[in-house]
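The sequence lines fix the lettering, A, B, ..., with proteins before strands; numbering per chain opens at 1. Here the structure is a predicted model, which is why all the values come from computation and not from measurement.
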Amino acid sequence: MKMKIVIVDDDESILDALSLVLEEEGYTVETVLKGEEAFKKVLVCKPQLILLDVLLSGVDGREIGKRLKQHEETKQIPLIMISAHPSVKESVIAVGAEEFLAKPFESSELLRLIKQYTRPK
Amino acid sequence: MKVRSKVLHYLNPIAHFGEKKYSFFFPLIINLLICLLSEWYALGIAKNPNSVGAYIIFINVASIIYFSFRDGIRGGIVSTFITIGYYFYIIQSRNYTGSQFTTGVEATIILGLLYIFLASVIGWLRQTIDTLIEREANEKRRLQTIIQQLPVGVLITDSKGRVDQSNKQVEAILGVKIPVGFIPGKDPAILKRKQNGKPATLTQSPLAQTIATGKPVVRKEFMIQRKDGKNVYVQLSATAVHNKKGKIIAAAEIINDITQQKELEARKDDFVNMASHELKTPVTSLKLYTDLLLKRVKQYNDERALKTLTGIKNQTDRLQELVNDLLDVSRLQTGKLRLTKEVFRLDQLIVETSDGLQEAAGNRTIRFSGKSAVTVFADRFRIYQVLTNFLTNAIKYSPEGKDIPVRLKRENGKVIVSVRDEGMGIAKEQQKKIFEKLYQVTDPKEKTFPGLGMGLYISKEIVKRHQGQIWVKSEKEKGSTFYFSLPSQKR
């Protein structure tokens with residue numbers, strides 16, 4: 001069965017590029033452009049991993065992260081948060097995210113992280 | 001009461017100093033009155049023409065001194081003439097014998113000369129004092145006008161630092177009228193000043209410093225919390241005023257309002273910060289797209305496509321570095337660059353960095369020599385940045401096929417890293433400037449490489465924040481050696 005990943009970002013080019021890269025690696029990708037819809041999408045899709053941008057228009061990605069990490073059904077899903085501000089790393093880890101990735105990153109770096117969390121058990 | 005004090009003021013000889021108003025009629029009338037009174041006393045009351053005697057001489061001398069003081073030389077001379085005239089009248093009218101007459105005339109002439117001398121000396125003194133007082137008053141007025149016209153705030157204090165003059169700009173900038181006698185920096189109830197975010201003490205006051213040391217204090221930045229709630233940023237410069245003997249007699253402080261400049265800088269920094277972060281998102285997707293494409297193209301054995309894509313990838317990386325440099329410059333300027341220090345082996349970092357850059361160096365070889373097992377306590381990533389900057393510069397400027405020696409040594413409790421290239425070298429006058437912000441060698445004859453001139457500035461600031469030093473030794477046409485030092489790690 002294919003691994004499923006949900007990506008939340010308000011920038012379409014990032015969503016598009018990430019989908020391409022991840023699909024190439026054999027993952028199934030669901031993208032969310034609006035922060036408000038992220039939580040619902042995760043509940044419906046039940047992904048193996050979530051990629052979440054910190055700076056979303058409208059909502060703070062960290063709020064979504066917090067909610068995901070507090071909810072019974074979603075808290076065990078590995079969460080990787082992405083931001084152009086390396087300074088937010090600490091607050092992201094405090095929210096409960098497993099990893100933080102600063103933009104711009106290499107695709108190899110991203111894939112290494114994802115593989116670490118989606119190894120079949 | 002008012003009339004009395006007016007009369008007293010009119011009669012007081014010293015009260016009119018500096019006025020340069022000399023009365024002619026006043027000494028004339030008073031001296032005539034003295035002569036009439038003494039004549040009335042001798043002939044009317046004493047009924048003895050010779051009874052005027054020594055008293056009249058005493059009164060005349062007093063009147064001459066008084067009037068030369070009050071009305072200058074003119075007042076003294078008028079008094080003298082009337083007095084001498086009266087003496088001659090006495091000699092003429094008293095029916096003296098021949099010898100008595102002669103003695104009287106001679107005595108009068110001598111007295112007259114003495115009186116004139118007295119009147120001239122005192123009158124001259126009075127007029128000189130007048131001139132001096134007026135000159136000082138004019139000087140003060142001129143200074144006052146200049147001070148008031150200046151676009152900056154000016155405070156002038158005495159030798160104890162107490163304000164005795166200020167201009168209207170001071171009030172406009174500080175939002176409070178500085179009372180005479182106030183010591184700036186002493187009373188926060190009148191003026192709240194902060195330096196580097198902390199309330200400023202009196203010893204930080206430029207005025208107090210210049211009075212204590214006698215040396216000028218230049219452009220110290222303070223923040224003023226105004227009573228109306230506004231915060232203003234000021235630059236204070238103070239200079240002590242010395243007299244001829246070198247004793248401090250006063251001090252002046254210039255208050256420059258730099259709030260607007262600060263706000264503009266902050267807005268610029270905000271903009272650079274925001275723009276750099278905004279740039280990061282497209283760079284990220286660009287990198288992801290390129291990586292994916294590269295991976296796919298590699299399967300097709302298309303040399304040209306691969307070369308093109310590698311070009312795109314390299315340029316994207318360069319773009320990323322530029323964005324990072326921009327962000328670093330912005331962080332440095334806003335003081336937001338945080339160092340995460342740890343203990344690590346500097347020699348290992350040098351080897352790793354050199355290895356990573358060897359590919360980019362092509363046929364130039366980076367050769368590391370020197371101490372091994374050198375540990376430092378520093379921010380590993382930031383020191384890596386400095387090394388990378390030194391090495392990429394050396395690669396850029398080194399002729400093909402040459403070695404790039406990298407050395408590491410210990411000296412006086414410091415570790416020193418040097419990177420040498422055999423490039424075109426840097427002219428003496430430019431050696432200091434290359435570490436300045438956004439400086440570029442702009443000589444059109446020089447074959448230089450493009451860039452925003454941020455690398456060495458960032459390196460300098462990083463090294464500075466590690467209490468280290470950065471410098472260059474270079475000779476035109478022979479090459480350059482860049483150095484940086486870090487404090488040795490204490491065991």
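In this structure, B/Leu408 and B/Val374 have side chains that are in contact, with non-hydrogen atoms separated by less than 4.5 Å. Between A/Leu49 and A/Leu51, some side-chain heavy-atom pair lies under the 4.5 Å cut-off.
Comparing B/Leu288, B/Leu279, B/Val283, B/Asn324 by how many heavy-atom pairs each has under 4.5 Å with chain A, the most go to B/Leu288.
Residues of residues 65-84 of chain A placed with any heavy atom under 4.5 Å of a heavy atom in chain B are listed by number as A/Ala84. Applying a 4.5 Å heavy-atom cutoff, the residues of residues 11-36 of chain A that approach chain B are A/Asp11, A/Ser13, A/Ile14, A/Asp16, A/Ala17, A/Leu18, A/Leu20, A/Val21, A/Glu24, A/Glu25. By a heavy-atom distance cut of under 4.5 Å, B/Lys295, B/Arg296, B/Lys313 are the residues of residues 294-315 of chain B near chain A, going up by number.
Salt bridge annotation for B/Arg267-B/Asp270: absent, with no cationic side-chain nitrogen under 4.0 angstrom from a carboxylate oxygen. Between B/Lys262 and B/Glu221 there is a salt bridge, with a side-chain nitrogen of the basic residue lying less than 4.0 Å from a carboxylate oxygen of the acidic one.
Side-chain atoms of B/Tyr233 and B/Gln261 include no donor-acceptor pair closer than 3.5 Å. Checking B/Lys287 against A/Ser107 by side-chain atom types alone, no donor-acceptor pair falls below 3.5 Å.
Judged by distance alone, the side chain of B/Ser398 and the main-chain N or O of B/Ile395 form no donor-acceptor pair under 3.5 Å. A side-chain donor-acceptor contact under 3.5 Å links B/Asp379 to the backbone of B/Thr340.
The aromatic ring centroids of B/Tyr483 and B/Phe390 lie 6.0 Å or more from each other.
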| task | Decide yes or no on side-chain contact (heavy atoms from CB on, under 4.5 Å) for B/Arg382 and B/Tyr384, but give the supporting numbers first. | result | CA-CA 5 Å; B/Arg382 294 296 171 187; B/Tyr384 162 78; over 6 Å; no

| task | Would you sort out whether A/Phe100 and A/Val88 count as a side-chain contact (heavy atoms from CB on, under 4.5 Å), showing the intermediate values? | result | CA-CA 9 Å; A/Phe100 172 77; A/Val88 300; 3.8 Å; yes

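With sequence neighbours left out, the salt bridge (Lys or Arg N to Asp or Glu O under 4.0 Å) criterion links B/Arg364 to no other residue.
With A/Tyr117 as reference, A/Glu99 is the one residue of A/Glu98, A/Glu99, A/Gln48 to meet the side chain to side chain donor-acceptor pair (under 3.5 Å) rule.
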